[in-house]
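See below for the structure under consideration.
Start at 1 and go down the list; that is how both ligands and their atoms are numbered.
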Amino acid sequence: MSRYVSETKTILERLGVPAGALGGQLVARSPLDGGPIGAVKPTTPEAADAIIGKAAEAFALWRKVPAPRRGELVRLFGEQLRANKDDLGRLVSIEVGKVPSEGLGEVQEMIDICDFALGLSRQLYGLVIASERPDHRMIEQWHPAGVVGIISAFNFPVAVWAWNAALALACGDAIVWKPSEKAPLTALACQALLMRAIAQFGDAPEGLSGLIIGERDLGELLAEDHRVAVVSATGSTRMGRAVGEAVARRFGRSILELGGNNASIVAPSADLDLALRAIAFAAMGTAGQRCTTLRRLVVHESVYDALLHRLRTVYGAVAVGDPLAGETLVGPLIDRSAFEGMERALDTARAAGGTVTGGGRVAVEGAEAAFYARPALVEMPGQTGPMLEETFAPILYVVRYRDIEEAIALQNGVPQGLSSSIFATDMREIEQFLSAAGSDCGIANVNMGPSGAEIGGAFGGEKETGGGRESGSDAWKGYMRRQTSAINYGRTLPLAQGVKFDIPG
Ligand code: NAD
C-alpha cells in the first residue's frame, strides 16, 4: 500500500468523486513509492457505447445553446478549479509523481484555458467574403462539430484534457474522455468538478461530458465510432498511428499530439548562464517525461567544453527523490517499464560510442517499489542510434556543430517535429533558425528551452508528432465545422465564372 493512500481517499472525497466509481479492478499506483493508492471500476465496452450515445444526444441540444451561455459553463468550471487547485494539484503529484509546483502548474493551465475559452465563446468569428456576382455576398460560419473524443497520456493527466474540454464545450460540442490507464483518479476528480459546474449551470443536457476508464481498447472504440466527429489523441507516435488510421478510415477528423524529440542549439553568442538554467529545467524537469522535454543538445564547438563542464556538475548534484517528502527537483519515473526503457537507451548509446554521466536507479527510503533515476547526460560522437527516438526519460544527448546550417540540419534530422529552441544573441542566427529554412518544428523558442508552453499559443508539432494543434490561437477551429454560404439578395441568377444556363421559356 502507498503511504499516500489515505490522503488520496480524503482528496477524492473532498473533490466529490462518487464512492461508486471506486473499488474496481483497475489499480492506481503512485510512482512516488510504487504502492497502490486506489482502485477504479473500468468502463465496459457496452457502457462506453451508451456513454457515446448519450453524448451524441447531448450534442444535438448543446449546439443550439448560445455560445456565450456555453462559455458560462466553462467559467463555472474554471471557478471550481480555482477553489480546488490545491487538492487537484496534490492529486496530480501523487498519481503521476510531479513536483508540487508542476502539479499545481497543471491545474493553473486548466484555469487559464477556461479563461481563454470563456472569451472565445463571445467570438468564434467567421468571415464575410466578397462575391464576384452582383447582389450576392458570401459568408463563412463555424458550427459545432459533434462529439469530441479525447484520449490522453499519463504525463499531463489533467491539463491536456482541459485544453480539449474547455474549447470543445465553448464551441458547442459534447465530450467523451478516455484518460490514461495510469492516471484514472485525477480523471475521476476532473469529471467530478465538471459535474459540479454542470449542476450549478442548471440546464446543460445530460451526458454532455462522458468519462470512459480503461485500457487502450476503449481508445480504439472511440477512434472507430462514427458518432465521434473529432478524436483528439495525445500520446505516443505508435498510438497516434493506430488512432489516425482508424479515424481516417471512417473519414472522421483527428487532432494528433504525439511524441517529440526536441533539440536546443547553443550558439557561440549564447548567454551560457541563462542557457545552463534553461537546459537543466527542460531536460530534467518532470523527470524527462514531458512531450517537450529537451532530449538533444547541439552545441557549437567553441562553447562546448565550457558548457559541458558546468552541465556535468549540475547532473552530478541535482536532487532526485520523492518531491512530496523533501526538497527535490527530479521525481520518479512513472513505472518499471519507463526505467527499463531508459537503461536500454543508455546501453545502446554506450555501444554507439556515447559517454554517459549519471543514469542508473536511485534508492529512495520507503519507496523501494518506485523507480527513481539519476538524469543522464550523454556525449555522442554524432547524431545516431537512440538519438533518433523518443525515450520517455531524463536522457540528454549532446553533439557538437561547426556552423549554423549544420546545427539546423541536426535539429531537423529526426522523425519527430514537436519543439525546438536556440540560445543565441546573434540576431542573424536567431532569425535563420526561425525562418522557413530553419527549425521544422511546431514550436521554435529563443533563449529558453523547448518545454513549458503557455496556453495562448497553438500547441503541437509536425512529422511524427502528428500535425495537430491544441490550446490557444485559432486551434478552436479544430473543434468546429466550417460552412461557406453564398447568398443571392437580387432578382436574377448570375452564375459564377460567367457560366450560362438559360432554360427555354
Ligand atoms: P501512450 O501512447 O502509451 O498512451 C496514451 C493514451 O493512448 C492512453 O490513454 C492509452 O490508453 C491510449 N492508447 C494507447 N494505444 C492506443 C490505441 N491503439 N488506440 C487508442 N488508444 C490507445 O502514451 P503515454 O505513455 O501515456 O504518454 C507518453 C507519450 O505521450 C510520449 O510519447 C509523449 O511525447 C506523448 N505526449 C505528447 C504530447 C503532445 O502534446 N504532443 C503531450 C503529452 C504526451
For this session: Go through the structure and list residues passing side chain to side chain donor-acceptor pair (under 3.5 Å) with Trp163, not counting sequence neighbours.
Result: Glu109
Is it true that a side-chain atom of [X] and a backbone atom of [Y] form a donor plus acceptor pair closer than 3.5 Å?
X      : Y      : answer
Gln25  : Val40  : no
Thr293 : Arg295 : no
Asn84  : Leu15  : no
Arg253 : Gly478 : yes

Exercise. Which protein residues have a heavy atom closer than 4.0 Å to any atom of ligand 1, listed by chain and number?
Worked result: Ile151, Ser152, Ala153, Phe154, Asn155, Lys178, Pro179, Ser180, Glu181, Arg216, Gly219, Glu220, Thr234, Gly235, Ser236, Arg238, Met239, Ala242, Val243, Glu257, Leu258, Gly259, Gly260, Cys291, Glu390, Phe392, Leu418, Phe459
Exercise. Ring centroid separation for Phe154 and Trp161, is it under 6.0 angstrom?
Worked result: no
